[in-house]
Amino acid sequence: MVNTRWCVFAAIVSFSAILSAKAGPTSWKVDDIHLSIIAKDGTKKQEHKLEYPYAVESVSAGPTDSLKFSFKVLNAERPHQAMLIFQSQDEHADEVMVATSVKSSGKGRVELNFAQASPKFGYGTRKYSMTFLMGGPKVDEPFKYTLGHIQVQGPDSNPPLRPVQADYKSLPEIAHQFRPEQMLINRAVSGIFSLLVLAPFAALFGLWSQLGMRFEPLKALTHRPVDLITAILFFGSLAGIEFVFYSYWTHVTLFPVLQYVGVLSVIALVSGRSVLSVVQERRLQRSRTESKKDSQ
């Protein structure tokens, strides 16, 4: 009985160890954290060895100095992203993010030259908070370390100008000026030109009447109802096509015009062929009759 209990207890402990091993670490372990301020000539003005979670008391840097930050990750996993965040402690709350690189050995470092970094460091002498952030997909909790504050002196001459922030407000109402309506031509003048357009047709019909033209082919169409209906469809389709063109000129758009003209064109083609066949037959019959009269 005792041996059985010990076996069950050992199995539970082993199973818990396996789960813990598969779950991975829950936090980052960082050591050997150093923060240094280096002058333009390469000499170290300040050097601090930090211990998490204690912050450095006072750090100051000139406009041409550089900040060097180094650390070592003790976890087997390597972080996916690590960065230093500087935030100004004034009403602007400007923020500058600087990415840090981490080698396969776990050592990471970053060197920031204030003269060549973001122009936000040049907006005068200001105090910034320093925060180190690090995280990765295989570690649950990200690493956040507030390093302390640093006083960065602004440039001695030609400081960069702060961009003017956009002031979003309502603009004055825009008064649209529409183009005045186009003045139409006088109806009397329009009527005169309409008569001038129709005058050639009047002259044409007048000349036809003087020449004695006969419309016997049209009379032949009235002998058979089918031919009469075909003739009505033919002339009606031609008139419909003209009306569609007139509508397109006045108010109808292109696509409906193409649809209507397509249908009317088919009707005109079929009915016109039948009408012309009847007319041709009438002409041949008349020519045969006249040839018989001449032969007699």
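Values below: all heavy atoms of this structure, side chains included; hydrogens, waters and symmetry mates excluded.
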By ring pair (Phe, Tyr, Trp, His ring centres under 6.0 Å) - contacts of Phe71 (at least two apart):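 For Phe71, the residues satisfying ring pair (Phe, Tyr, Trp, His ring centres under 6.0 Å) (neighbours in sequence not counted) are Phe69, Phe132.
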Taking [X] for the side chain and [Y] for the main chain, is one N or O donor matched with an acceptor at less than 3.5 Å?
{"X": "Asn75", "Y": "Lys29", "answer": "yes"}
{"X": "Gln89", "Y": "Gln87", "answer": "yes"}
{"X": "Thr230", "Y": "Ser271", "answer": "no"}

If every non-hydrogen atom of [X] is compared with every non-hydrogen atom of [Y], which pair is closest and at what distance?
{"X": "Glu47", "Y": "Ser36", "value": "CG-OG, 3.5 Å"}
{"X": "Ala231", "Y": "Val275", "value": "CA-CG2, 3.6 Å"}
{"X": "Val102", "Y": "Ala82", "value": "CG2-CB, 4.4 Å"}
{"X": "Leu84", "Y": "Thr100", "value": "N-CG2, 4.3 Å"}
{"X": "Ser88", "Y": "Arg126", "value": "OG-NH1, 3.6 Å"}

Is it possible for you to say whether [X] and [Y] belong to one hydrophobic cluster, with membership spreading through side-chain heavy-atom contacts below 4.5 Å?
{"X": "Val152", "Y": "Val56", "value": "yes"}
{"X": "Tyr260", "Y": "Leu233", "value": "no"}
{"X": "Leu133", "Y": "Leu147", "value": "no"}
{"X": "Val98", "Y": "Ile85", "value": "no"}
{"X": "Ile33", "Y": "Met134", "value": "yes"}

Value rounded to 0.5 Å, distance of [atom1] in [X] from [atom2] in [Y]:
{"X": "Ser118", "Y": "Asp94", "atom1": "OG", "atom2": "CG", "value": "8.0 Å"}
{"X": "Thr131", "Y": "Met97", "atom1": "OG1", "atom2": "CE", "value": "10.0 Å"}
{"X": "Phe234", "Y": "Leu269", "atom1": "CZ", "atom2": "CG", "value": "9.5 Å"}
{"X": "Asp32", "Y": "Glu51", "atom1": "CG", "atom2": "CD", "value": "9.0 Å"}
{"X": "Trp28", "Y": "Asp140", "atom1": "CH2", "atom2": "CG", "value": "10.5 Å"}
{"X": "Asn113", "Y": "Ser66", "atom1": "CG", "atom2": "OG", "value": "3.5 Å"}

Close side-chain approach of [X] and [Y], heavy atoms under 4.5 Å:
{"X": "His149", "Y": "Gln151", "result": "no"}
{"X": "Val30", "Y": "Tyr145", "result": "no"}
{"X": "Val110", "Y": "Lys68", "result": "no"}

Just list the side-chain donor-acceptor pairs under 3.5 Å for residues 183-204, sequence neighbours left out, or say none.
unit_1: Asn186; atom_1: OD1; unit_2: Ala188; atom_2: N; d: 3.3
unit_1: Ser194; atom_1: OG; unit_2: Ser190; atom_2: O; d: 2.9

Where at least one partner belongs to residues 73-126, residue pairs that pass ring pair (Phe, Tyr, Trp, His ring centres under 6.0 Å), sequence neighbours excluded: Phe86-Phe121, Phe114-Phe121, Phe121-Tyr128
Table please: side-chain donor-acceptor pairs of residues 240-254 below 3.5 Å, with sequence neighbours left out.
unit_1: Ser247; atom_1: OG; unit_2: Phe243; atom_2: O; d: 3.0
unit_1: Thr250; atom_1: OG1; unit_2: Tyr246; atom_2: O; d: 3.1
unit_1: Thr250; atom_1: OG1; unit_2: Ser247; atom_2: O; d: 3.0

Sequence neighbours left out, cut at 3.5 Å: what donor-acceptor pairs do the side chains of residues 37-46 make with other protein atoms?
unit_1: Asp41; atom_1: OD1; unit_2: Thr43; atom_2: N; d: 3.2
unit_1: Asp41; atom_1: OD1; unit_2: Thr43; atom_2: OG1; d: 2.9
unit_1: Lys45; atom_1: NZ; unit_2: Asp65; atom_2: OD2; d: 2.7
unit_1: Gln46; atom_1: OE1; unit_2: His48; atom_2: NE2; d: 3.3
unit_1: Gln46; atom_1: NE2; unit_2: Ser60; atom_2: O; d: 3.1
unit_1: Gln46; atom_1: NE2; unit_2: Ser60; atom_2: OG; d: 3.2

Summary of salt bridge (Lys or Arg N to Asp or Glu O under 4.0 Å) pairs that have at least one residue in residues 98-109, sequence neighbours excluded: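 For residues 98-109, and leaving out neighbouring residues, the salt bridge (Lys or Arg N to Asp or Glu O under 4.0 Å) pairs sorted by first residue read Arg109-Glu111.
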